[in-house]
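What follows is a set of notes on a single structure, which appears directly below.
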Amino acid sequence: EEEEEEEEEEGEEEEEEKAKKAAETKAKPAGGTTHALLESVDREWEKLLFFYTFVRDVALPLRVEPGDALRALAPAAAAGARLRASNTFRAVVRTLGELRARIADPGGSGGDDSLVCPITLEPFREPVILEADGRTYERAAIEEWLAGHDTAPMTNLPLATKALHPDHAMEAKVRSLPTEEGLRAAASRFMEYYIFEVCFGGAEDDEEEEKEGKEKEDESKKDKKKKKSKDKKKDKKKKKKKKKR
């Protein structure tokens with residue numbers, strides 16, 4: 001009779017535990033999935049704001065194609081990527097460095113060769129057109145060439161005239177190019193946003209995530225302890241039954 005009573009008690013306890021677990025699993029999925037969904041939406045919105053701010057503060061003032069800027073920041077757009085991570089910070093610094101190199105050397109790799117004098121291979125400062133061949137040169141460089149030659153510098157063909165005319169279109173194009181001062185201003189604006197609003201501003205979110213992770217770990221530890229204690233009780237009861245038998 002005692003054994004039967006113990007077995008009934010064990011069965012009732014197991015049924016109660018199963019009922020509790022079923023109730024918890026029914027209640028958790030809705031809240032848990034909703035919370036996870038809200039977190040993912042917040043992260044994607046933060047990324048969208050990050051890219052928008054970069055385009056507004058850096059790409060547009062420096063006349064950079066937004067698509068090129070976004071491709072350079074691809075690590076931040078990857079699935080599961082975090083803006084407050086070292087790879088995102090490195091991508092930002094690398095992109096700003098590439099923009100600086102492009103400003104310093106407009107005719108470099110990926111640049112516009114038309115902005116560079118074909119004689120000096122340096123950006124134009126005072127562009128002029130050589131009437132005989134219709135090409136644009138830096139004034140000082142072409143005047144030095146014409147002082148000792150009667151041929152065109154690019155084709156080596158004889159020149160019918162050595163007349164030079166200012167290239168106003170090229171002057172306007174050169175003036176419209178971004179400068180290092182503009183890059184410094186754009187970079188400081190964006191980095192101020194990135195550091196103070198994204199990195200430090202999102203520290204609270206990271207702390208909340210850490211707290212949630214710790215709470216989950218504590219719950220799992222408690223569950224494990226409960227299982228161990230229950231297993232021990234079951235083992236003791238089995239031993240008792242064997243002794244009685």
Side-chain angles (χ1 to χ4, degrees), residues 35-118 120-127 138 170-214 216-217:
H35 183 67
L37 180 62
L38 290 174
E39 284 184 349
S40 65
V41 170
D42 287 340
R43 282 195 294 270
E44 294 305 317
W45 173 253
E46 191 178 36
K47 286 183 182 180
L48 181 62
L49 184 61
F50 171 81
F51 289 118
Y52 165 76
T53 306
F54 188 87
V55 171
R56 182 195 65 188
D57 292 348
V58 180
L60 293 181
L62 299 179
R63 295 176 178 83
V64 178
E65 285 293 331
D68 295 340
L70 297 182
R71 278 191 292 274
L73 296 173
R82 293 191 176 187
L83 297 180
R84 293 176 290 279
S86 58
N87 59 344
T88 302
F89 180 77
R90 285 195 295 269
V92 170
V93 174
R94 184 177 62 252
T95 302
L96 294 174
E98 290 173 356
L99 290 175
R100 186 178 184 279
R102 191 182 302 180
I103 291 171
D105 185 11
S109 59
D112 189 353
D113 294 337
S114 66
L115 300 173
V116 176
C117 173
T120 63
L121 300 179
E122 294 180 357
F124 286 115
R125 294 184 178 180
E126 190 179 356
E138 182 66 26
M170 183 59 70
E171 286 179 356
K173 195 173 181 180
V174 170
R175 281 198 299 271
S176 69
L177 290 175
T179 60
E180 289 210 20
E181 289 78 7
L183 174 61
R184 281 196 290 270
S188 64
R189 284 195 302 271
F190 181 76
M191 292 305 291
E192 182 178 356
Y193 154 77
Y194 178 68
I195 292 172
F196 291 103
E197 293 190 27
V198 176
C199 295
F200 291 128
E204 294 179 357
D205 297 335
D206 291 340
E207 288 177 0
E208 289 179 0
E209 289 180 0
E210 288 178 1
K211 285 181 181 178
E212 289 177 358
K214 287 180 180 178
K216 289 179 180 179
E217 287 180 0

Inset, instruction - Mark yes when over 12 heavy atoms from residues, nucleotides or ligands other than Arg56 sit less than 6.0 Å from its CZ; otherwise mark no. - result: yes
Legend entry - Audit row: Arg90, Asn87, side chain to side chain contact (heavy atoms under 4.5 Å, CB included) steps and yes/no: CA-CA 5 Å; Arg90 285 195 295 269; Asn87 59 344; 3.9 Å; yes
Legend entry - Residue list, side-chain contact (heavy atoms from CB on, under 4.5 Å) with Glu126, at least two apart or on another chain: Glu138, Arg139
Inset, instruction - State which residues pass side-chain contact (heavy atoms from CB on, under 4.5 Å) with Phe51; sequence neighbours excluded, sorted by chain then number. - result: Lys47, Leu70, Leu73, Ala76, Ala77
Legend entry - Residue from Thr95, Leu60, Leu49 passing side chain to side chain contact (heavy atoms under 4.5 Å, CB included) with Phe54: Thr95
Legend entry - Side chain proximity check, Ser114 to Lys173, heavy atoms < 4.5 angstrom: yes
For a quick test of your reading: what N or O donor-acceptor pairs under 3.5 Å do the side chains of residues 186-195 make, sequence neighbours left out?
residue: Ser188; atom: OG; partner: Arg184; partner atom: O; Å: 3.2
residue: Ser188; atom: OG; partner: Ala185; partner atom: O; Å: 2.8
residue: Arg189; atom: NH2; partner: Asp57; partner atom: O; Å: 3.1
residue: Tyr193; atom: OH; partner: Phe50; partner atom: N; Å: 3.4
residue: Tyr194; atom: OH; partner: Leu83; partner atom: O; Å: 2.7

Legend entry - Worked verdict on Leu96 versus Val58 for side chain to side chain contact (heavy atoms under 4.5 Å, CB included): CA-CA 9 Å; Leu96 294 174; Val58 180; 4.2 Å; yes
